[in-house]
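These numbers were taken from a predicted model, which means no experiment stands behind them. The chains referred to below are lettered A, B, ... by the order of the sequence lines, with proteins before strands, and numbering in each begins at 1. Both backbone and side-chain heavy atoms feed into the values below; hydrogens, waters and symmetry mates do not.
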There are 2 protein chains.
Amino acid sequence: MTNQNREMKLGAFFMIPGHHVAAWRHPKAEAENVMNFEFIKKLAQTAERGKFDMLFLADGYAVRAKNQTVLGQTVNTMFEPFTLLSALSSVTKNIGLVGTVSTTYNEPFNVARKFASLDHLSNGRAGWNVVTSNTEEEAHNFNLDQHLLHSKRYQRAEEFVDVVTQLWDSWEDEALLIDKESAQFADGSKIHAINHKGEWFSVQGPLNIARPVQGHPVVVQAGSSEAGKELAARTAEVIFTAWQTIEEAQNFYADVKGRMSKYGRSPDELKIMPGIFPVIGQTENEAELQKRLLEEIIPEESGVSLLSSMISVDLSRYPVDGPLPDLPDLEQINGGKSRFKLLKDLAERENLTIRQLYQRIAGARGHREVKGTPSEIADHMQEWFENGAADGFNIMPPYLPGGLEDFVDQVIPVLQKRGLFRTEYAGETLRENLGLKRPENTIVERIKERI
Amino acid sequence: MTNQNREMKLGAFFMIPGHHVAAWRHPKAEAENVMNFEFIKKLAQTAERGKFDMLFLADGYAVRAKNQTVLGQTVNTMFEPFTLLSALSSVTKNIGLVGTVSTTYNEPFNVARKFASLDHLSNGRAGWNVVTSNTEEEAHNFNLDQHLLHSKRYQRAEEFVDVVTQLWDSWEDEALLIDKESAQFADGSKIHAINHKGEWFSVQGPLNIARPVQGHPVVVQAGSSEAGKELAARTAEVIFTAWQTIEEAQNFYADVKGRMSKYGRSPDELKIMPGIFPVIGQTENEAELQKRLLEEIIPEESGVSLLSSMISVDLSRYPVDGPLPDLPDLEQINGGKSRFKLLKDLAERENLTIRQLYQRIAGARGHREVKGTPSEIADHMQEWFENGAADGFNIMPPYLPGGLEDFVDQVIPVLQKRGLFRTEYAGETLRENLGLKRPENTIVERIKERI
């Protein structure tokens, strides 16, 4: 594909009712509909009308609040991603369905199976955002006093992804025969045990579901730490990542794509999609007013709490209009390391108070906030896309449904006019729309190697 | 409710493409559609047209075949229940969605959350069939050399159900406020940690999803062992059970309902629904031909293998037209104890060969096979229903879609005409249709007790 007709990939980040921490207070947000499936169905159909490659659901295994006040001020009820994506699969046709599942509090057999099932249900539209869990609150819901160390989480994640991939391959593509006459529903010799015995998992297989439509559901990752980059270079097909400046994004893009060759992969087998939090106005002034509205609706406790959790340091004891306290070194952080670094750098660079910093991150949560008219937002995306910083973007509407509708009705037509984005879905599967090839099944070779 | 207008409850057992072990070979079975969602959607809509209370999905965590031949002769690819039920939730309106989830290879936080999510998605139609896992093959997919002992499995199951119930209650019904003005999305004082610390689990809570629409999704159980009966009397709202004779069914019915008072429950808080495998013909002769067809399509290896797994004894070394070998005592069985006893008794009572026994159980798998015209089948159901053997039935169509369509179009109208079954859905939730009350939330009392 030449640069002339290279098209960007787009994900729609479905945080209900919006990506902003106080989205639910936005006058046009349908906060009363957070547990209403019909509302979310309409959002998915809007994203599909916009020809988004995929909709994306984040996840977590605990309420995100350290105290009763914040618990009441923030949205802590959400659909579990698998049930929601599956329900959406039967009322959409083309859009990819990407769900976050942690490798920390699940078993590979269950996860391989659920994604295979979603992929069959949706005729090849499933994707897995692989994450590790890093909060104490989540550990406490799964029999642990504290969560795993960063290095242990990544070791477990690597083995987890490997076992899941093997399970997806445990049925060869040609295994199903369905011949009533000869009583051969399947060719038993094409369904394989995987006999995995590793440090974390011991899994015999085969899976009890045929190979997914896409071979493997698309594997998405988000970590930007050293371990995260290496895992992504080896196994990811999409990366969701967070950068404030084009220089950071370009460095990351070159770094990760540069690591792929040693795993026998070419750079276009991985799509790097930074997050964008678009604040859209018909005029610059309208966009500015929109931004101020979003700042004003943040309850102070929620803002401080969000910031505290993002930098893994409790800020509630410090004056909100004063500077950040001295922060620990990166090595001491056993949470989201890359997010910690990004925020620490930002606060130092711009000399921000605690309030200014939480206002800055309450919407984009560390991703790039882009404010302006539809064509200004398209300009920004085009600049990153054409200058080695991104293959596409994960769009984070501030509030719903308006933030998504505005993007679909106002920004996407500009991108399409400039030849930067599709006007029709090209393929039937998520993989085809992303321009990723269907993975070969390597189970037979792997079994031979072991013997 | 007087006996005059007491109505039976009906479940539709969705084993795809039929409950018979060789269903897929039936000339009218749509075997090529086992992984086709549109096919299953049509089945669900057929069951809903028949006013079934619920459709029911069994589950397992491994392929069900001991060797390559049987692996090829039987259907070992299936949708994972949660993804399938969720996909069905958005294309049905009234029918209950009951999924099997094992307490052996899952975590209570994940299970509580998924059922809460399905209950919200479906506006109150979710049900949980609680099982324990008892095969070596499943253990091998979850890091274990052998599966848990029967008694350990039940201890874990009891605690598991208790934790899940507490998590469902961790949000009070009135917790959501959604008041934009005062920045109160929820009343934080009505969302509670559960702080469970038990022998098997340590779970802090609260859940990250509001209390289910039904309070608790309906809790279904199937075990008929001593431990299973006690657990059911304490916690179950529906029991799926397997009996060959009305006497056995009556004994079980009286036994379990008799145990409920010591847990402060009244007998009508539990619906006992034995399985029925209906072999329907327009005439008795047609039904007999249907039955013979079902016997003839069973590959010998599959029949022996199914029987072996059901009695936890490998029969492949014995002559298929000879008698069963000497079987171990019930105490030595670490599998499905009640199913073992049922089959052992049946073989002895009727002096059956291995082949005769597997032919007998290949369809109903230990449940009651009822063969005849629609009105004969209705007669049988009426007899059990009116004589203290059943509150309703779990219907197991031999093959799909025909077996279900015949039941809906031919048997259900007879039951309706006799006033034994509804002609319209009475309620909006599964719980309402089953005549079960919405459980009160006891979390506040439980927390007080602990302090």
Side-chain angles (χ1 to χ4, degrees), chain A residues 24-25 27 31-32 35 37 41 60-63 68-69 71-80 82-84 86-87 89-91 105-107 109-110 113-114 117-118 120-121 137 140-143 171 176 178 180 183-189 191 201-206 208-210 299, chain B residues 24-25 27 31-32 35 37 41 60-63 68-69 71-80 82-84 86-87 89-91 105-107 109-110 113-114 117-118 120-121 137 140-143 171 176 178 180 183-189 191 201-206 208-210 299:
Chain A
W24 73 273
R25 291 191 74 200
E32 68 283 10
M35 298 309 293
F37 175 71
K41 170 177 155 184
Y61 299 89
V63 295
Q68 201 168 289
T69 306
L71 190 57
Q73 287 173 345
T74 49
V75 177
N76 282 290
T77 176
M78 61 186 284
F79 286 109
E80 184 276 334
F82 257 98
T83 52
L84 182 55
S86 303
S89 74
S90 50
V91 295
Y105 300 122
N106 288 289
E107 287 288 333
F109 191 90
N110 289 337
R113 189 177 173 219
K114 286 190 293 189
S117 190
L118 179 61
H120 281 286
L121 282 172
E137 288 74 17
H140 297 167
N141 288 331
F142 292 89
N143 315 315
W171 291 57
L176 289 181
I178 315 187
K180 292 185 181 185
Q184 288 294 296
F185 183 82
D187 180 346
S189 73
I191 305 169
F201 305 108
S202 166
V203 179
Q204 180 175 291
N208 54 354
I209 180 166
Chain B
W24 73 273
R25 291 191 74 198
E32 67 284 9
M35 298 308 292
F37 175 71
K41 171 178 156 183
Y61 299 88
V63 295
Q68 200 167 291
T69 306
L71 189 57
Q73 286 174 345
T74 50
V75 177
N76 281 290
T77 177
M78 61 186 286
F79 285 109
E80 184 276 336
F82 258 98
T83 51
L84 182 55
S86 303
S89 74
S90 49
V91 295
Y105 300 122
N106 288 290
E107 287 288 333
F109 191 90
N110 290 337
R113 190 177 173 219
K114 286 190 294 190
S117 190
L118 179 63
H120 281 285
L121 281 172
E137 288 74 19
H140 296 167
N141 288 332
F142 293 89
N143 316 315
W171 290 57
L176 289 180
I178 315 188
K180 291 185 181 184
Q184 289 293 297
F185 184 83
D187 180 345
S189 74
I191 304 169
F201 305 107
S202 167
V203 179
Q204 181 176 288
N208 54 353
I209 181 167

We want to know whether A:E107 and B:N141 form a side-chain donor-acceptor pair, criterion being a heavy-atom distance below 3.5 angstrom.
no
Any idea which heavy atoms bring A:T83 and B:S117 closest together, and the distance?
OG1-OG, 2.6 Å
On a heavy-atom basis, which atom in A:G188 and which in B:L71 lie closest, and how many Å separate them?
O-CD2, 3.9 Å
Under a 4.5 Å heavy-atom cut-off, does chain B meet the side chain of A:T69, its backbone, both or neither?
neither
Measure B:A62 against the heavy atoms of chain A and call it side chain, backbone, both or neither at under 4.5 Å.
backbone
Looking at B:N76, B:N208, B:V203, which makes the most heavy-atom pairs under 4.5 Å with chain A?
B:N208
If I take atom CD from residue A:E32 and atom CH2 from residue A:W24, how far apart are they, to the nearest 0.5 angstrom?
11.0 Å
Taking all atoms of both residues into account, what is the closest heavy-atom pair of A:F201 and B:N143, and its distance?
CA-OD1, 3.3 Å
For A:I209 and B:T77, which heavy atoms make the closest approach, and how far apart are they?
CA-OG1, 3.4 Å
Most contact-rich option vs chain A, by heavy-atom pairs under 4.5 angstrom, among B:A186, B:S202, B:A31, is B:S202
How close do B:S86 and A:S86 get, counting heavy atoms only, and between which atoms?
CB-CB, 3.6 Å
Do you know which of A:S89, A:G60, A:P299 has the most heavy-atom pairs with chain B at a distance under 4.5 angstrom?
A:G60
Examine whether an atom of A:S189 lies under 4.5 Å from a heavy atom of chain B, and if so say whether it belongs to the side chain, the backbone or both; otherwise answer neither.
both
Measuring from B:L118:CG to A:F79:CZ, what's the distance to the nearest 0.5 Å?
10.0 Å
Most heavy-atom pairs under 4.5 angstrom with chain A, which of B:A210, B:A183, B:P27?
B:A183
Which atoms of B:Q73 approach chain A - backbone, side chain, both or neither, heavy atom under 4.5 Å:
both
Do you know which of B:V75, B:V91, B:D187 has the most heavy-atom pairs under 4.5 Å to chain A?
B:V75
Among A:E137, A:K114, A:K41, residue most engaged with chain B (heavy-atom pairs, under 4.5 Å)
A:K114
At a heavy-atom separation under 4.5 Å, does A:L84 approach chain B through its side chain, its backbone, both, or neither?
both
Do side-chain atoms of B:N110 reach the backbone of A:Y105 as a donor and acceptor pair under 3.5 angstrom?
yes
Top of A:M78, A:R113, A:H140 for chain B proximity - count of heavy-atom pairs under 4.5 angstrom
A:R113
Could you have a look at A:L176, A:T74, A:V63 and say which one has the most heavy-atom pairs with chain B under 4.5 angstrom?
A:V63
